[in-house]
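Per chain, numbering begins at 1; letters A, B, ... match sequence-line order.
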Amino acid sequence: MRRDVFQAIADPTRRAILTLIALHAMTPNAIAEHFDISRQAVSKHLRILNECELVKQEQQGREIYYQLEIEKIKEVDKWLEQFRKIWETRFSQLDDLLSQLKSGKK
Amino acid sequence: MHHLQFDFLVDKEKNTITVKREFAAGRQLVWDCHTKSELLDQWFAPQPLMTKTRSMDFREGGHWLYAMVAPDGTEYWGRTDYIRISPIDYYTALDGFCDASGTLNPDLPRAEWEVTFTDMDTHALVQTIVAYKSLADLETVIAMGMKEGLTSTLERLDSLLLTLNK
């Protein structure tokens, strides 16, 4: 599941779509107007984003609107936060080593 | 205690992580800690992992072969190939996962490291830029850490340290 999310956002067009609909919900046609690719290609990208729950669909009359699934985006950020923790731990270990080395010299 | 600068920036467009950190020591000593294996062994792997060097050849074209060893004895081998070195200003390297003999695992992502050292009064500032080929690569690396339960262990360690400090 998580694998899919990251594969989904590894694609530059899909990232652009996410950025676009972050502002407000849009129909596939409106989204397609922003890209030099076919309406079919846009639909395929939307399907992938929908499958990994990065976007959600909402029916309004005859039109389907796509909007960002905020919780899922937050999950991605959470992962990066773990990476940050690894660096924090690593560097606080280096702090300890440096103070040991400095006191050893004195 | 003086608060040491720590910045962690993720650029999801360029797939880079930039870590800036100030250290309460001179540039030469901080450089040594990054480039001498006997010193790297003492800090590089985040607890509870331990670093174990098999070989170190710190020169352009040379590499560092090391393992991160889990408390249960599991070894995760890595090698860092040095590309450009300019003591004590910067070095660039290509990081990767391998086996105990240093043969790279082609299925796992490699990242390019650019580590720059600058003076900040009596302190040193280290900027590490880690660049992945794609965000998916970056995720693979994070996922590996998650899988090993690194996170929960780190959290346990945090609470242990709090207890010990009291």
Side-chain angles (χ1 to χ4, degrees), chain A residues 1-22 34-35 45 48-49 51-55 68-70 72-106, chain B residues 1 4 6-10 12-13 15 17-26 28-30 32-34 38-51 68 123-124 126 128 130 132-143 145-147 150-155 157-158 161:
Chain A
M1 181 68 119
R2 274 174 171 154
R3 171 84 252 166
D4 293 342
V5 172
F6 283 89
Q7 271 173 350
I9 57 176
D11 181 276
T13 306
R14 286 196 287 274
R15 280 207 299 268
I17 291 175
L18 290 174
T19 313
L20 197 61
I21 62 168
H34 289 81
F35 299 95
H45 285 310
I48 292 167
L49 290 171
E51 275 167 12
C52 11
E53 298 165 351
L54 281 164
V55 301
L68 212 55
E69 186 62 86
I70 300 291
K72 206 68 181 181
I73 301 288
K74 279 186 189 158
E75 194 176 292
V76 176
D77 286 336
K78 233 187 280 170
W79 281 56
L80 292 167
E81 182 56 30
Q82 304 307 332
F83 214 59
R84 177 193 162 103
K85 265 197 184 159
I86 290 173
W87 281 90
E88 273 180 341
T89 308
R90 174 179 276 170
F91 280 155
S92 77
Q93 289 169 183
L94 179 52
D95 284 338
D96 294 344
L97 175 62
L98 285 167
S99 70
Q100 264 178 46
L101 292 171
K102 285 204 296 188
S103 61
K105 266 189 196 166
K106 276 166 198 164
Chain B
M1 203 182 120
L4 296 168
F6 177 73
D7 295 321
F8 184 90
L9 307 160
V10 180
K12 292 179 189 173
E13 296 294 316
N15 311 307
I17 292 174
T18 302
V19 192
K20 280 187 207 165
R21 178 64 144 76
E22 173 192 356
F23 293 97
Q28 181 67 55
L29 196 58
V30 178
D32 287 347
C33 285
H34 277 78
E38 67 272 23
L39 295 175
L40 276 165
D41 280 355
Q42 296 179 61
W43 70 274
F44 192 72
Q47 287 206 48
L49 300 173
M50 300 285 285
T51 324
M68 291 201 193
H123 289 183
V126 179
T128 306
V130 186
Y132 290 90
K133 283 201 192 77
S134 68
L135 197 58
D137 275 4
L138 173 56
E139 178 267 347
T140 307
V141 173
I142 301 169
M146 299 279 285
K147 204 180 85 200
L150 201 56
T151 316
S152 59
T153 322
L154 285 178
E155 277 159 7
L157 178 72
D158 282 343
L161 287 173

### Task
Check the surroundings of atom CE in Met50(B): do more than 12 heavy atoms from other residues, nucleotides or ligands lie under 6.0 Å from it?
no
### Task
Check the angle between the aromatic planes of Phe23(B) and Phe91(A) and answer parallel, tilted or perpendicular using the 30° and 60° thresholds.
perpendicular
### Query
What part of Val126(B) gets closer than 4.5 Å to chain A, counting heavy atoms only: side chain, backbone, both or neither?
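For Val126(B), no heavy atom lies under 4.5 Å from chain A.
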### Task
Can you tell which part of Leu39(B) gets under 4.5 Å to a heavy atom of chain A, answering side chain, backbone, both or neither?
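Both parts, heavy atoms under 4.5 Å.
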### Heavy-atom pair of closest approach, residues Leu97(A) and Gln42(B)
CD1-OE1, 3.3 Å
### Task
Report yes if some heavy atom in the side chain of Leu101(A) is under 4.5 Å from a heavy atom in the side chain of Asp32(B); otherwise report no.
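No. Closest side-chain heavy atoms not under 4.5 Å.
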### Side-chain heavy atoms of Asp95(A) within contact of Arg21(B), under 4.5 Å
yes
Check: [Y] main-chain N/O paired with [X] side-chain donor or acceptor under 3.5 Å:
{"X": "Arg90(A)", "Y": "Pro46(B)", "value": "no"}
{"X": "Lys102(A)", "Y": "Ala24(B)", "value": "yes"}
{"X": "Gln93(A)", "Y": "Ala45(B)", "value": "yes"}

#### Entry: Atom group of Leu94(A) that falls short of 4.5 Å from chain B, counting heavy atoms
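For Leu94(A), heavy atoms of backbone and side chain both lie under 4.5 Å from chain B.
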